Enquirer: 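Structure provided below as structure tokens; questions to follow.
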There are 2 protein chains.
Amino acid sequence: MENQKLYKGSLQTIILKLLEENDKMYGYEITQRTKEITNGELNITEGALYPALHKLEAEGTLEVEVVSIGNRMRKYYKLTEQGTKETANRLAEMKEFLKTMQHIVNPKLSLE
Amino acid sequence: MENQKLYKGSLQTIILKLLEENDKMYGYEITQRTKEITNGELNITEGALYPALHKLEAEGTLEVEVVSIGNRMRKYYKLTEQGTKETANRLAEMKEFLKTMQHIVNPKLSLE
DNA sequence: AATGTATACATAATTTTCTTATGCATATAA
DNA sequence: TTATATGCATAAGAAAATTATGTATACATT
């Protein structure tokens with residue numbers, strides 16, 4: 001959990017990937033799901049999450065639907081059509097990045 | 001080359017890994033070696049490299065040796081004893097990070 | 001009744017880490 | 001003489017985070 005800084009720059013891609021899998025999610029749900037699938041390693045802070053969601057929405061990558069749950073509010077986010085294409089690009093870049101970093105830190109295992 | 005932002009936070013680890021393999025290197029050499037081993041994908045800019053080297057030196061992770069090559073100057077950097085331990089930690093964190101990101105972007109292939 | 005934890009949103013101040021631009025200087029090739 | 005390569009450095013600005021704070025409801029514990 002001290003290697004949080006390595007995740008710098010990856011947050012948007014993580015959000016997009018989760019939304020590709022789950023159709024629609026709200027902010028708090030994204031933080032919890034991320035904690036689960038990373039076994040507690042990655043804790044997305046609210047100060048990082050909400051500005052990121054707002055930015056993706058402003059760019060037209062995500063669209064939002066506000067829902068009342070009892071007396072609480074939820075803002076569900078989902079990929080727009082444009083967002084779906086964008087997600088494919090981001091994931092391709094992420095895979096390229098991971099491959100390159102693997103090659104750097106573990107050159108013996110990277111057969112290529 | 002448009003996914004440079006994914007490398008945010010990884011620069012120090014990359015430098016340390018190269019120095020673990022090469023004993024001593026100078027700044028310009030690090031940029032060139034990195035370009036080579038990443039097939040041109042990662043271009044470390046001078047504005048990022050030199051401040052990073054100075055910081056690692058100030059922390060006692062690297063030590064420097066200035067050498068004159070003809071009329072030019074080179075500053076060779078190498079790991080200190082403390083830096084060698086630090087490098088092992090950073091590499092372990094990097095591997096954990098890569099594993100986690102693989103799991104997120106490619107859950108089907110991550111058998112674990 | 002009070003306190004802590006969980007759910008759910010948000011933003012502001014600050015820090016870290018880059019990019020971009022600029023500067024100095026030598027060497028070599030077009 | 002102009003461009004490219006080698007080699008260092010820093011300053012201004014942008015991006016993306018951390019940390020701290022705020023509002024509000026709900027439930028469990030002391």
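The structure displayed is predicted, hence computed values, not measured ones. In what follows, chains are A, B, ... by sequence order, proteins preceding strands, each numbered from 1.
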Enquirer: Would the distance check show the side chain of H103(A) and the main-chain N or O of I37(B) forming a donor-acceptor pair, the cut-off being under 3.5 Å?
Expert: yes
Enquirer: Using salt bridge (charged side-chain N to carboxylate O under 4.0 Å, His left out) as the criterion, list what pairs up with E29(B), not counting sequence neighbours.
Expert: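 Result, salt bridge (charged side-chain N to carboxylate O under 4.0 Å, His left out) vs E29(B): R33(B).
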Enquirer: Nearest whole angstrom, please: distance from the P of dT16(C) to the CG of L56(B).
Expert: 14 Å
Enquirer: Which residues within residues 57-65 of chain A lie with some heavy atom under 4.0 Å of an atom in DNA chain D?
Expert: none
Enquirer: Measure the CE-OG1 distance between M101(B) and T13(A) for me, rounded to the nearest 0.5 Å.
Expert: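 M101(B) CE to T13(A) OG1: 6.5 Å, rounded to 0.5 Å.
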Enquirer: Looking at K55(B), does any N or O in its side chain come under 4.0 Å of the phosphate oxygens OP1/OP2 on dT17(C)?
Expert: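 Yes, within the criterion.
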Enquirer: Nearest whole angstrom, please: distance from the C1' of dA6(C) to the CD of Q32(A).
Expert: 9 Å
Enquirer: Would you list the pairs meeting ring-ring contact (aromatic ring centres under 6.0 Å, His included) in which at least one residue belongs to residues 75-97 of chain B, sequence neighbours left out?
Expert: Y7(A)-F97(B), Y26(B)-Y76(B)
Enquirer: Contact class for S68(B) vs. all strands (heavy atom < 4.0 Å): base, sugar-phosphate, or nothing?
Expert: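 Nothing, no heavy atom under 4.0 Å.
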Enquirer: Take atom CD of E36(A) and atom P of dA6(C), then tell me their distance rounded to the nearest Å.
Expert: 14 Å
Enquirer: When the distance from CG of L53(B) to P of dA9(D) is rounded to whole Å, what number comes out?
Expert: 8 Å
Enquirer: Quick check on contacts: within residues 14-27 of chain B, what sits under 4.0 Å from DNA chain D by heavy-atom distance?
Expert: Y26(B), G27(B)
Enquirer: Can you tell me how far P of dA5(D) sits from CD of E29(B), to the nearest Å?
Expert: 18 Å
Enquirer: Please list all pairs meeting salt bridge (charged side-chain N to carboxylate O under 4.0 Å, His left out) that have one or both residues in residues 73-92 of chain B, counting only residues at least two apart or in different chains.
Expert: E86(B)-R90(B)
Enquirer: Tell me every residue that passes salt bridge (charged side-chain N to carboxylate O under 4.0 Å, His left out) with E20(A), counting only those two or more places apart in sequence or in another chain.
Expert: K17(A)
Enquirer: Tell me the closest heavy-atom pair linking T34(A) and I30(A), and the distance in Å.
Expert: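 Of all heavy-atom pairs spanning T34(A) and I30(A), the closest is OG1-O, 2.7 Å.
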Enquirer: Distances under 3.5 Å only, N/O to N/O: pair up the protein atoms with those of nucleotides 18-23 of chain D.
Expert:
{"from": "dT18(D)", "atom 1": "OP2", "to": "T45(A)", "atom 2": "OG1", "distance (Å)": "2.7"}

Enquirer: For Y7(A) and dT17(C), give me the distance from atom OH to atom P, rounded to whole Å.
Expert: 17 Å
Enquirer: Quick check for you: to the nearest 0.5 Å, what is the distance between K95(A) atom NZ and L6(B) atom CG?
Expert: 13.5 Å
Enquirer: My understanding is that only residues two or more places apart in sequence, or in another chain, count here; which of them pass side-chain hydrogen bond (donor to acceptor under 3.5 Å, both in side chains) with T100(A)?
Expert: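 T100(A) satisfies side-chain hydrogen bond (donor to acceptor under 3.5 Å, both in side chains) with E41(B) once adjacent residues are dropped.
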Enquirer: Extract all donor-acceptor atom pairs below 3.5 Å that involve side chains of residues 52-64 of chain B and protein atoms in other chains or at least two apart in sequence.
Expert:
{"from": "H54(B)", "atom 1": "ND1", "to": "Y50(B)", "atom 2": "O", "distance (Å)": "3.3"}

Enquirer: Please report the interatomic distance CD1(I44(A)) to OG(S10(A)), rounded to the nearest 0.5 Å.
Expert: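 If I round to the nearest 0.5 Å, the distance is 10.5 Å.
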Enquirer: So, OP1 or OP2 of dA9(D): does either fall under 4.0 Å of a side-chain N or O from Y50(B)?
Expert: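 False: Y50(B) side-chain N/O out of range (4.0 Å or more) of dA9(D) OP1/OP2.
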Enquirer: Ignoring hydrogens, what is the shortest heavy-atom contact between T38(A) and L42(A)? Give both atom names and the distance.
Expert: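 That would be OG1-N, 3.0 Å.
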Enquirer: Closer than 4.0 Å, any side-chain N/O of H54(B) to the OP1 or OP2 of dT10(D)?
Expert: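 For H54(B), the contact criterion (side-chain N or O under 4.0 Å from OP1 or OP2 of dT10(D)) is met.
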Enquirer: Taking all heavy atoms of P51(A) and all of A48(A), pick out the closest pair and write down the distance.
Expert: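 In terms of heavy atoms, the two residues are closest at CD-O, 3.7 Å.
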Enquirer: Working to the nearest 0.5 Å, report the span between CD of Q102(B) and CE of M94(A).
Expert: 9.5 Å
Enquirer: Go through residues 70-78 of chain B and report each residue with a non-hydrogen atom lying under 4.0 Å from DNA chain C, sorted by number.
Expert: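 Result for residues 70-78 of chain B: N71(B), R72(B), sorted by number.
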Enquirer: Applying a 4.0 Å non-hydrogen cut-off, can you work out what L11(A) is touching in the nucleic acid: base, sugar-phosphate, or nothing?
Expert: sugar-phosphate
